[in-house]
Amino acid sequence: MKQNILIIGATSAIAQATLRRYASEQANLYLLGRNQAQLDTIAADAKVRGANEVHTAQLDVNQFESHQTVLNQVFDTLKTVDAVLIAHGTLPDQKACEQDVHRTMTELSTNGISTVSLLTLLANQFEKQQHGTIAVITSVAGDRGRQSNYVYGAAKGMVSIFLQGLRNRLYAHNVQVLDIKPGFVDTPMTADFKKGALWAQPEQIAKNITTAIDKKQSKTLYTPIFWMGIMFIIRSIPEAIFKRLKL
Amino acid sequence: MSLNKSATLSGWGKYPTVESNVLRATQLQDVPNAILQNSSPALIASGLRRSYGDSALAETTLQTEKLNQFIQFDETTGVVECAAGVSLADVLNTFVPKGWFLPVTPGTQFVTVGGAIASDVHGKNHHLDGCFSQHLISLTLCVASGEPLTCSLTEHRELFLATCGGMGLTGVILAARFKLIPIESAFIEETTWKTDNLAETLEQFETHQNATYSVAWIDGLTKGKQLGRSLLMLGEHSEKKYVSYNLKTAEPSQRNVPFNMPSALLNSVTVKAFNTLYYHKTRQKQSQRQVHYAPYFYPLDSIQNWNRLYGKKGFTQYQFVLPKEAGLEGLTEILTKIVDSKRSSFLAVLKVFGAQNANYLSFPIEGYTLAIDFKIDSTLFAFLDQLDEIVLHYGGRLYLAKDARMSERTFKLSYPQWQQFQQIRAQYGADKCFNSMQSKRLGL
């Protein structure tokens, strides 16, 4: 059976790698993103790779009032959605945020509140259709606040807690809620970082995502898996010590 | 697009290395932006870095491997259009299941379409089907002014002829349209002929000139009467009726060389043992098997980072072509010299080329091409200079995609159309914008 897949933030590198996997399985895709020209490029690519139908629509996640309209359009077209992947995000400049309230609020909105808005609407749709997976890319940064990127961490952490609640609420409705926490991924968002052994390619993350969705997992997915161990240690350090660390 | 990140880069042979500002294009618009903002006169596009030497090395390199989107595919004609960073592996993984194959493929699938055009790669079917560019319908080139130009044999013809095989020196290839060939299965019917010496090898090539694919693996260490003893491998795409499971693609490689091996590991003893074992792996004069396209075309792709086998100093692949009439005599002279030098090499590959195409710098001319890997040491380049003289004497030339050390003189004597190439570059302002370490070395 051809799956119906909705991707929000489809131009992100992890989203692109993921939607290619679905395209090669002849899925029907609905792609949302800010840049229509880029969406068109990605849609054409997905089509060549085997996607059955590809729809696109422009969405600026910070325009909350547009969420309902766009999602209605998606569900009107696809009827049911087997899986949604929310992948949009930015990497805030932490130092700049510390000096600029407006910037901090915008980043929290882009990386956190916008996702909460979308999830609120999506949860009701999935509850109604009584099946499917809601998958959201958060981050290992949401596991503990660190001085180097706590604005990003706070936004992602909020989403993770929200997802926990949703998972609990939708369990009885046969809806899986997958919280995807990638570590360092080599994408345009992280282009300015020096890459070391801990860095993963988006294709690897995408493979883990589609596998988890296919297996109907409803949990927190650390990807690559070794981040589960790293974050266990990070979370276990007593705050009395942690506050002194330069992380 | 990321800017001004400095990195130490090298080609597949790990020689030479260069400190380079690395730009990475993530969408097509990044390319003209990078060209227009770039102030250094030495910018070169790079893909998956499988050229062996310094052709994709420069002060500033523009990485294009993320421009990897397909644009269009016509299921009735097999014509595909894609951005230049799409890899041949990606083309195969996408289209083999639909019953299509690359019209020409080099010995690795980990090259980009842009790189395949810039090196105008050839494959085991060159004697019948020519180079990659001969299956191109058109390409889009971003020239020095930042303008994207569509080039083909009929549109901007001279720019097309300069760009195919032009090693990225005319601009940055953005996209291409080319025609795939239909296949009924992902498998190849391989026939191997064992030959006793070079003369017999060349005869066998002649006898089997209608085989779709042909290549000979040569024992590069045995001399005397057995000089040039080979395994000649012929291939045809399997027909549907002979295979049960048809159109599967390659499995991702599980084997890896994790770090640079001590270079002493490859010495005349180990390599001699390998060559002897390989030659004797088949006992019969002729043997046949059915084999998946991946091990047939890309045996080395199954070992990630195999270039690390040659150690930290790296290696160079010496690939030359001699005109047909020089054939047996020239090859014997060069091969004898190589065998006598005892310079170890796993891989010596011989192939017959068909007719030359019209591109200014495409490597193949009608004749015989031999490719051999050499571990780099302090005396290697002097030795290769001697080989260059023999190649020049017979009217041959070296492959730019493999070259890391040829002299300007050797290049200009053996690529007689280099001046036309330069004229086209000047006409589009490419000479002041696109240069690589190789182009500077060769006086382009």
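Here is the naming used below: chain letters follow the sequence lines, and residue numbers restart at 1 for every chain.
In summary, A:Asp186 and B:Lys66 do not engage in a salt bridge, as defined by a charged side-chain N under 4.0 Å from a carboxylate O.
Only the side chain of B:Asp90 comes within contact range of chain A, judged by heavy atoms closer than 4.5 Å.
B:His292 pairs by the side chain to side chain donor-acceptor pair (under 3.5 Å) definition with nothing, not counting sequence neighbours.
Scanning residues 34-48 of chain A against chain B with a 4.5 Å non-hydrogen threshold yields A:Gln38, A:Thr41, A:Ile42, A:Ala44, A:Asp45, A:Val48, sorted by number. Interface with chain B: from residues 5-33 of chain A, residues A:Gln16, A:Arg20 qualify, criterion being any non-hydrogen pair under 4.5 Å. Chain A is approached within less than 4.5 Å, heavy atom to heavy atom, by B:Ile71, B:Gln72, B:Phe73 from residues 71-87 of chain B, ordered by number.
A 6.0 Å sphere centred on NZ of A:Lys2 holds no more than 12 heavy atoms belonging to other residues, nucleotides or ligands. The local environment of CZ in A:Phe226 is crowded, with over 12 non-hydrogen atoms from other residues, nucleotides or ligands closer than 6.0 Å.
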